[in-house]
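So the structure is just underneath, and the comments pick up after that.
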Amino acid sequence: MASFLEIADDEKGYDLDLFCVPRHYENDLEKVIIPHGLIMDRTERLARDIIQDMGGHHIVALCVLKGGYKFFADLLDYIKALNQNSDKSVPLTVDFIRVKSYCNDKSTNSVKVIGGDELSSLSGKNVLIVEDIVETGRTMQTLLSLLSECNPKMVKVVSLLVKRTPRSSGYRPDYIGFEVPDSFLVGYALDYNEYFRDLSHICILNDQAKEKYKV
């Protein structure tokens, strides 16, 4: 079972005025729940675990856009550093896919995969799917089902966040950064209708902001 850092349901978090938060978001957030520095430290350890498990094989790192792009970039930077500074290194190439399952703050029952026609190129490859957050798990299960039709050699999934929610299908990624409460989280490329991707820390969105940025 994947190890992770647990953020408790009663986690008090940190006051916004202790961190650099863009002024245009100051009234939209309840608190900082995972500071940027902690994200980076945990990501560095995930990179090491992935290299230990998948090292020696050519890896195709598949970024799930849009929310996964920041985690993807930082994770690959740490993998690159390990490749340059250790005896064990692994060839790494990248690809991108977009998966959409949200409207406002609600997860929809339909999962749209954009770029799926290109998944056939992953046949026979060792694939590392890089995701920002797993909630119900249905989105990832849909993507894994599509991938299996392309006959990759191996598929591993790393997700920065896994949400504790009664709506979960029970799916768990191979690598997990943090297990988090069932709150709507934004920042570090996690968005609410495309807003908050420019926020460095992971924060809890307040109810007023959900109305303010609703489409």
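It should be emphasised that the depicted structure is a prediction, and the values quoted were computed from it without experimental measurement. The figures here come from the full heavy-atom set of this structure, side chains too, leaving out hydrogens, waters and symmetry mates.
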Closest heavy-atom pair, Met54 versus Met154, reported as atoms and distance to 0.1 Å, is CE-SD, 3.9 Å
Residues pairing under side chain to side chain donor-acceptor pair (under 3.5 Å) where one sits in residues 39-48, two or more places apart or in two chains, turn out to be Arg45-Asp49
Original post:
Is there side-chain contact between Phe72 and Phe96, with heavy atoms separated by less than 4.5 Å?
Top reply: yes
| query | Backbone N or O of Gln141 within a donor-acceptor pair of the Ser145 side chain at under 3.5 Å? | reply | no
Closest non-hydrogen contact found for Ala209 with Tyr192 is O-CE2, 3.8 Å
Donor-acceptor pair, His201 side chain versus His36 backbone, under 3.5 Å? yes
Is any side-chain heavy atom of Ile202 closer than 4.5 Å to a side-chain heavy atom of Leu161?
yes
message: Leu29 vs Ile204, test: side-chain contact (heavy atoms from CB on, under 4.5 Å). Steps then yes/no.
response: CA-CA 6 Å; Leu29 307 168; Ile204 295 180; over 6 Å; no
Only one of Leu75, Ile176, Ile79 passes side chain to side chain contact (heavy atoms under 4.5 Å, CB included) with Leu46, and that residue is Leu75
Would you say Asn206's side chain and Asn27's backbone share a donor-acceptor pair under 3.5 angstrom?
yes
Would you say Val180 and Ile33 make side-chain contact, with heavy atoms under 4.5 Å?
-> no
Taken in chain and number order and not counting sequence neighbours, the residues that satisfy side-chain hydrogen bond (donor to acceptor under 3.5 Å, both in side chains) with Tyr175 are Asp53
Exercise. Should Tyr195 and Lys212 count as side-chain neighbours, where that means a heavy-atom distance under 4.5 Å?
Worked result: no
Got a list of side-chain donor-acceptor pairs under 3.5 Å for residues 13-26, not counting sequence neighbours?
residue: His24; atom: NE2; partner: Asp198; partner atom: OD2; Å: 3.3
residue: Tyr25; atom: OH; partner: Phe196; partner atom: N; Å: 2.9
residue: Tyr25; atom: OH; partner: Asp198; partner atom: OD1; Å: 2.7

A side-chain contact here means heavy atoms from C-beta on lying under 4.5 Å apart; do Leu160 and Ile133 qualify? no
Quick check: does any side chain N or O of Thr136 sit under 3.5 Å from a backbone N or O of Ser169, one acting as donor and the other as acceptor? no
Query raised in the report: Hey, mind stepping through Leu144 and Val155 against side-chain contact (heavy atoms from CB on, under 4.5 Å) and telling me if it holds?
Result: CA-CA 8 Å; Leu144 288 170; Val155 179; 3.6 Å; yes
When rounded to the nearest 0.5 Å, the distance separating CD1 of Ile34 from SG of Cys203 is 9.5 Å
Side-chain (Asp174) to main-chain (Val157) donor-acceptor, under 3.5 angstrom: yes
Here the gap from Leu82 atom CG to Gln52 atom CD, rounded to the nearest 0.5 Å, amounts to 9.0 Å
d(Ile39 CD1, Leu5 CG) to nearest 0.5 Å is 11.5 Å
Using residues 125-132 as the side-chain source, report each donor-acceptor pair under 3.5 Å to any protein atom, sequence neighbours left out, with the distance given to one decimal.
residue: Lys125; atom: NZ; partner: Ser121; partner atom: O; Å: 3.2
residue: Asn126; atom: ND2; partner: His58; partner atom: O; Å: 3.4

Residue set satisfying side-chain hydrogen bond (donor to acceptor under 3.5 Å, both in side chains) with Asp9, at least two apart, ordered chain then number -> Arg164
In this structure, CG of Asn151 is separated from CG of Leu119 (nearest 0.5 Å) by 12.0 Å
The reported gap from CD in Glu135 to CE in Met140 (rounded to nearest 0.5 angstrom) is 11.5 Å
So OG of Ser159 and CZ of Phe178: to nearest 0.5 Å the spacing works out to 11.5 Å
Review item, side-chain donor-acceptor pairs of residues 181-190, under 3.5 Å, at least two apart:
residue: Asp182; atom: OD1; partner: Arg167; partner atom: NH2; Å: 3.4
residue: Asp182; atom: OD2; partner: Thr165; partner atom: OG1; Å: 3.4
residue: Asp182; atom: OD2; partner: Arg167; partner atom: NH1; Å: 3.3
residue: Tyr188; atom: OH; partner: Asp74; partner atom: OD2; Å: 2.6

Quiz prompt | Side-chain heavy atoms of Lys210 within contact of Leu205, under 4.5 Å | solution = yes
Between Leu62 and Leu122, does a side-chain contact (heavy atoms from CB on, under 4.5 Å) hold up when you go through it step by step?
CA-CA 10 Å; Leu62 184 63; Leu122 300 175; 4.2 Å; yes
The test is side-chain contact (heavy atoms from CB on, under 4.5 Å); show your working for Arg172 and Val162 and say whether it passes.
CA-CA 8 Å; Arg172 303 284 285 186; Val162 170; 3.4 Å; yes
